[in-house]
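Because the structure is predicted, anything quoted here is derived from the model rather than measured. Residue numbers start from 1 in every chain, and the chains themselves are labelled A, B, ... in the order their sequence lines are given, proteins ahead of strands.
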Protein chains: 2
Amino acid sequence: MAGVSIATVSRVINNSKPVNHDVRIRVLKAMEQTNFLPNAMARNLAKKESLLLGVMVPEVKNTVLDDLINGINQVSRLYGYNIMLSLTAGTLENELHYFNMFREIQADGIILASENLKEELVKGIKVSNIPLILVGRDSLDTVPTVHVDNVTAAYEAVTYLIQQGHRKIAMLRVRSGDIASGDHRYQGYVRALNEAGISIYKDWVVESGISVEDGITSMRKICEAESMPTAIFCATDRIAIGAMNYLLEIGLRVPEDVSIFGFDGIDMSSFIRPKLSTVKYSAEEIGMTAARNLIKLIRGEEISSRHWIVSHYLENRDSVCTLN
Amino acid sequence: MAGVSIATVSRVINNSKPVNHDVRIRVLKAMEQTNFLPNAMARNLAKKESLLLGVMVPEVKNTVLDDLINGINQVSRLYGYNIMLSLTAGTLENELHYFNMFREIQADGIILASENLKEELVKGIKVSNIPLILVGRDSLDTVPTVHVDNVTAAYEAVTYLIQQGHRKIAMLRVRSGDIASGDHRYQGYVRALNEAGISIYKDWVVESGISVEDGITSMRKICEAESMPTAIFCATDRIAIGAMNYLLEIGLRVPEDVSIFGFDGIDMSSFIRPKLSTVKYSAEEIGMTAARNLIKLIRGEEISSRHWIVSHYLENRDSVCTLN
DNA sequence: CTGAAAGCGCTTACAG
DNA sequence: CTGAAAGCGCTTACAG
């Protein structure tokens, strides 16, 4: 295009080999004028590297995911990677679809957030051999993960409720998948009650979907039990917000009549009234840790462990009252 | 791999040419065993078509975007396209980065949601010549758009407030960009007041960022004005939620002391108390319309117009009271 | 420092 | 119906 070979152009674009100053200028100018943009497909084909990271999340309503993605973005960009995001709606079909799409498109690695990891996908992950990190949940120990210590966090939240004098504590848990965080948070609940010598009342544990609407529906079920609990531990803030809504709807006050405890610390949790007490952690940190280690995996670098735990703490606000 | 030429394999994968049944079976089996996945980069290079749509949105906290993306996804998949999502945080730098990345990666088209479209990007769009649709906002008439009629919707919302007896109406508007929806919603506000013969009080119009926190800050500014308005029209629900929060914080009641009207109809708008009155529309419909027409553009098909309007309506809930 | 050439993994006329 | 070959737009040894 500018009196130079195509190889030279490649070299100035990539700075891969020394190029004479005048020539470089000439090439740069020509590129400017032609409005030239290199074809990444061709480059990736030749280099067998795409610098693309696939990120799969179920949905995006959950503001925690915004932080997560920002964390991933931040360190990815730092290392020269770009991310491709896709929404799976949490279905196996979509997860499989995007997983394969990322492989076909030659993504260098994948970060996967999945509430309900099915065996079929796990198998696919194993045979494909593509670097992958699971995020936000505990896992089979064959695939690397970063998440909060769900069992402990839930245990601490419920123990806190017990310390406030509650003994009738219900849980709105997430439908159980293999070993998703839903199960682990429930385990924490069980452990806390056991330790306090409180037995579990079946009608006070209900499986819920993850939307606010699901929280409303699930709360109604609890209210239909023979007796009412004094506190509800919810597996997620969105469920908690739904639960609070239903309670207010039927004329019960939070926390005077019923206390509520959430999990996730989404932004809305502090904008609703009463402000929601919840388990907080940094989704951004999860994202950064995942991206950082995924890139190490891709580069074949040494990795410090295969499971990273991000810290959490209880954010006590106004949705829990003390019983005496 | 299975005693056939590579060309034949290509033909069975794509069903592009008739292939003998036995041979096809043989190829399929071999693919199964090898766990073969075609290299999309190579295919795209050869076909000069990626079946990839780039989608750029500023952030993902706004639940409206979840619907938007689902709408886009739905029709994209229907036509065999996959989408690549990227978060721009609304900055020009990121928008430029991802815009170019999508071009380099040979995306067939782009859907862009941008609150503050800068001239530099617009220029890039024009010279690049890549099919692109702008979403959620009005625009220069050179680039195709799909959005709600922001001026009219805002006009209707404010007119409704006036009909309820309000005459002291403030607006928390979005910082003005060229002709972004922020400006248009403000125009609707102005028109409604003018028509009612109410003059605009400068201290009651404040520019706000788009987060809930921004809403809090902006509401504080209004409260610092010499006198208080009786109603606030907010450019987005998130701003409205922030405003309501600040009001409650300083001991004012909504709607008894101050009425609030939002815009967007995000899910949280009906979960907070009082339930927020707001302008609703289907972001999913915006997404579907955008994807459908982008694909037409890509295929060089006839297009019915260059600007599509999605309908809206007022969802009157509990955050507005009637003055007498 | 620079160019010609092979190769990345596919698709698609062109022959047969 | 099937294969050999050229070509998609790059990168990278290999010569010079």
Trainee: Taking only side-chain nitrogens and oxygens of Asn14(A), does any of them come within less than 4.0 Å of OP1 or OP2 of dT11(D)?
Mentor: yes
Trainee: I'd like to check Ile110(B) versus Ile130(B) (side-chain heavy atoms, cut-off strictly below 4.5 Å). Are they in contact?
Mentor: yes
Trainee: Separation of Leu37(B) atom CG from dG9(C) atom P, in whole Å?
Mentor: 14 Å
Trainee: So, does Lys47(B) get its side chain near the phosphate of dG7(D), meaning an N or O under 4.0 Å from OP1 or OP2?
Mentor: no
Trainee: Between His21(A) and Ile6(A), just flag the one whose closest nucleotide in DNA chain C comes earlier from the 5' side.
Mentor: His21(A)
Trainee: Starting at CZ of Arg43(B) and ending at C1' of dG7(D), how long is that distance when rounded to a whole Å?
Mentor: 17 Å
Trainee: Expressed in angstrom and rounded to an integer, what is the separation of Glu49(A) atom CD from dT11(D) atom C1'?
Mentor: 12 Å
Trainee: Toward the 5' end of DNA chain D, which comes first, Leu45(B) or Thr8(B), by nearest nucleotide?
Mentor: Thr8(B)
Trainee: Is it true that a side-chain atom of Asn39(A) and a backbone atom of Met41(A) form a donor plus acceptor pair closer than 3.5 Å?
Mentor: yes
Trainee: Asn20(B) side chain: which of dT2(D), dA5(C), dG9(C) is closest?
Mentor: dT2(D)
Trainee: Name the stems that DNA chain C belongs to, where each is three or more consecutive Watson-Crick or G-U pairs with both distances under 3.5 Å?
Mentor: C:1-3 with D:14-16, C:5-12 with D:5-12, C:14-16 with D:1-3
Trainee: Whether Ser10(B) contacts dC10(C) is assessed here as follows: a side-chain N or O lying under 4.0 Å from the phosphate OP1 or OP2. Is that the case?
Mentor: no
Trainee: Around atom CD of Glu32(A), are there more than 12 heavy atoms of other residues, nucleotides or ligands at under 6.0 Å?
Mentor: no
Trainee: Could you give the CE-to-C1' distance, from Met41(A) to dT11(C), as a whole number of Å?
Mentor: 15 Å
Trainee: Atom CG of Asn15(B) to atom P of dC1(D): distance rounded to whole Å?
Mentor: 12 Å
Trainee: Any cation-pi pair here, Arg77(B) with Tyr98(A), using under 6.0 Å and within 45°?
Mentor: yes
Trainee: Using the P atom in both, what is the distance from dA13(C) to dG9(C), to the nearest Å?
Mentor: 23 Å
Trainee: Specify the separation, in whole Å, of atom CG of Asn44(B) and atom P of dC10(D).
Mentor: 14 Å
Trainee: Closer than 3.5 angstrom, by distance alone: can the side chain of Thr34(B) be matched with the main-chain N or O of Phe36(B) as a donor-acceptor pair?
Mentor: no
Trainee: Could you check which of dG9(C), dG3(C), dT2(C) has an atom nearest any side-chain atom of Arg11(A)?
Mentor: dG3(C)
Trainee: Counting side-chain heavy atoms from CB outward, which of dG9(D), dT11(C), dT2(D) is closest to Ala42(A)?
Mentor: dG9(D)
Trainee: Taking atom CD of Glu49(A) as the centre, does the number of heavy atoms from other residues, nucleotides or ligands within less than 6.0 Å exceed 12?
Mentor: yes
Trainee: Given Thr91(B) and Asn94(B), is the side-chain hydrogen bond (donor to acceptor under 3.5 Å, both in side chains) satisfied, shown in steps?
Mentor: CA-CA 5 Å; Thr91(B) 69; Asn94(B) 279 332; 3.2 Å; yes
Trainee: Using atom CD1 of Ile105(A) as one end and atom P of dC10(C) as the other, report the distance to the nearest whole Å.
Mentor: 13 Å
Trainee: What integer distance in Å separates Arg26(B):CZ from dG3(D):P?
Mentor: 9 Å
Trainee: Donor-acceptor pair, Ser50(A) side chain versus Gln106(A) backbone, under 3.5 Å?
Mentor: yes
Trainee: Check whether any side-chain N or O of Lys48(A) sits under 4.0 Å from OP1 or OP2 of dT11(D), and answer yes or no.
Mentor: no
